[in-house]
Number of protein chains: 2
Amino acid sequence: MEPIGVFKALSNETRLRILKWLKEPEKHFPKQGAHLPKEVNYKGGVCVGDIQEKANVSQSTVSHYLNMMQKAGLLESVRHGQWTYYRRNEEVIQQLAEYLKTEI
Amino acid sequence: MEPIGVFKALSNETRLRILKWLKEPEKHFPKQGAHLPKEVNYKGGVCVGDIQEKANVSQSTVSHYLNMMQKAGLLESVRHGQWTYYRRNEEVIQQLAEYLKTEI
DNA sequence: TTGACATATCGAATATAATCGATATAATGT
DNA sequence: ACATTATATCGATTATATTCGATATGTCAA
């Protein structure tokens with residue numbers, strides 16, 4: 001966990017919102033599932049297109065955001081066919097909370 | 001507490017180090033006190049010059065950093081004569097930890 | 001009240017981030 | 001094979017952050 005990179009990833013309104021949405025994907029992405037193969041569900045994350053629609057930024061921007069959050073460790077992704085599903089990396093998020101409490 | 005501003009303030013190696021140093025000022029600023037008026041001690045914070053020396057950036061840069069951390073809420077300052085002493089705002093830092101645990 | 005010192009602010013240069021549309025890549029269905 | 005769809009990457013533009021030296025402001029001491 002590289003704190004600076006994580007803090008940078010969190011320093012943006014849209015990215016912060018995405019992270020919060022992914023805490024309760026069923027709530028914030030209700031139509032999710034239409035195109036889901038059976039072996040994938042919310043636990044597998046939410047696909048880029050759904051996130052883009054909600055975030056209201058361009059496709060390239062949301063892709064860039066998700067990639068950078070993943071590099072920071074906040075998200076992880078799984079590819080299923082033509083879709084990439086992103087979900088939170090709760091372990092790293094937990095580490096961050098711990099880091100904040102003990103180191104900062 | 002405005003999370004985005006706080007995260008931005010934390011997104012810099014030098015600023016993060018300053019914040020950590022101020023957690024144990026006696027340890028990291030041992031010569032502190034030479035020019036301290038009696039009514040001021042470590043609880044009153046560390047002066048800009050001492051922080052600058054340790055941080056190894058220009059005087060204007062450190063002043064800017066401290067100001068921005070204060071605006072974000074991470075620090076607070078007291079002026080004594082010609083010196084400005086900065087110290088951590090533990091309440092806000094606590095709020096941040098709480099925010100991270102519950103909202104993020 | 002003048003000189004020296006601590007800090008803040010200003011203005012400018014350079015670096016990094018944000019953001020988009022266009023294009024590339026990869027998977028799917030016909 | 002080909003058209004369609006989802007996502008990633010590229011290249012460019014604009015906005016914001018970093019960082020400095022120079023200068024201004026405020027304080028103290030002689």
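Just so we're clear, the structure is a prediction, and the values are computed from it rather than from any experiment.
In the set dT18(D), dA8(C), dC20(C), the nucleotide with an atom closest to the side chain of S58(A) is dC20(C).
Using a 4.0 Å cut-off, some side-chain N or O of T84(A) falls inside it from OP1 or OP2 of dA8(D). Listed pair Y86(B) / dA8(C) meets the phosphate criterion, a side-chain N or O lying under 4.0 Å from OP1 or OP2. For the pair T61(B) and dT18(D), the criterion of a side-chain N or O lying under 4.0 Å from OP1 or OP2 is not met.
To the nearest angstrom, C1' of dA26(C) lies 15 Å from OH of Y85(A). The CE-P distance, from M68(B) to dA17(D), rounds to 7 Å in whole Å. Rounded to whole Å, atom C1' of dA17(C) lies 14 Å from atom NZ of K71(A). With rounding to whole Å, I4(B) atom CD1 is found 20 Å from dA15(D) atom P. Going from atom CD of Q52(B) over to atom P of dG21(D) covers 10 Å, rounded to whole Å. Regarding F7(B), its CZ atom lies at a distance of 17 Å from the P atom of dA17(C), rounded to whole Å. When the C1' atom of dA17(C) is taken as reference, atom CG of N67(A) falls 15 Å away, rounded to whole Å.
Enclosure of atom NZ in K101(A) is not indicated, since only 12 or fewer non-hydrogen atoms of other residues, nucleotides or ligands lie within 6.0 angstrom.
Partners of E24(A) by salt bridge (charged side-chain N to carboxylate O under 4.0 Å, His left out), not counting sequence neighbours, listed by chain and number: K27(A). For E90(B), the salt bridge (charged side-chain N to carboxylate O under 4.0 Å, His left out) partners are R88(B), not counting sequence neighbours. Qualifying side chain to side chain donor-acceptor pair (under 3.5 Å) partners for S60(B), counting only residues two or more places apart in sequence or in other chains: S58(B). For S11(A), the side chain to side chain contact (heavy atoms under 4.5 Å, CB included) partners at least two apart in sequence or on another chain are F7(B), K8(B), S11(B). Under the side chain to side chain donor-acceptor pair (under 3.5 Å) criterion, T14(A) pairs with no residue at all, not counting sequence neighbours. For E53(A), the salt bridge (charged side-chain N to carboxylate O under 4.0 Å, His left out) test picks out K31(A), with sequence neighbours left out.
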Protein-to-nucleotide contact annotation, 5' to 3' order, nucleotides 23-30 of chain D [B base; S sugar-phosphate only; - none; under 4.0 Å, heavy atom]: ---BBS--
Protein-to-nucleotide contact annotation, 5' to 3' order, nucleotides 10-16 of chain C [B base; S sugar-phosphate only; - none; under 4.0 Å, heavy atom]: -------
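With S63(B) contributing its side chain and Q59(B) its backbone, the two residues share no donor-acceptor pair below 3.5 Å.
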Could you list the donor-acceptor pairs under 3.5 angstrom formed by side chains in residues 66-79 of chain B, with sequence neighbours left out?
unit_1, atom_1, unit_2, atom_2, d
N67(B), OD1, K71(B), NZ, 3.4
Q70(B), NE2, S77(B), OG, 3.1
E76(B), OE2, R87(B), NE, 3.0
R79(B), NE, G81(B), O, 3.2

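Residue pairs meeting the salt bridge (charged side-chain N to carboxylate O under 4.0 Å, His left out) criterion with at least one member in residues 56-68 of chain B: none, sequence neighbours excluded. Screening residues 9-22 of chain B for salt bridge (charged side-chain N to carboxylate O under 4.0 Å, His left out) gives no qualifying pairs among residues at least two apart or on separate chains.
For DNA chain C, none of the residues of residues 11-19 of chain B falls under the heavy-atom distance limit of 4.0 Å.
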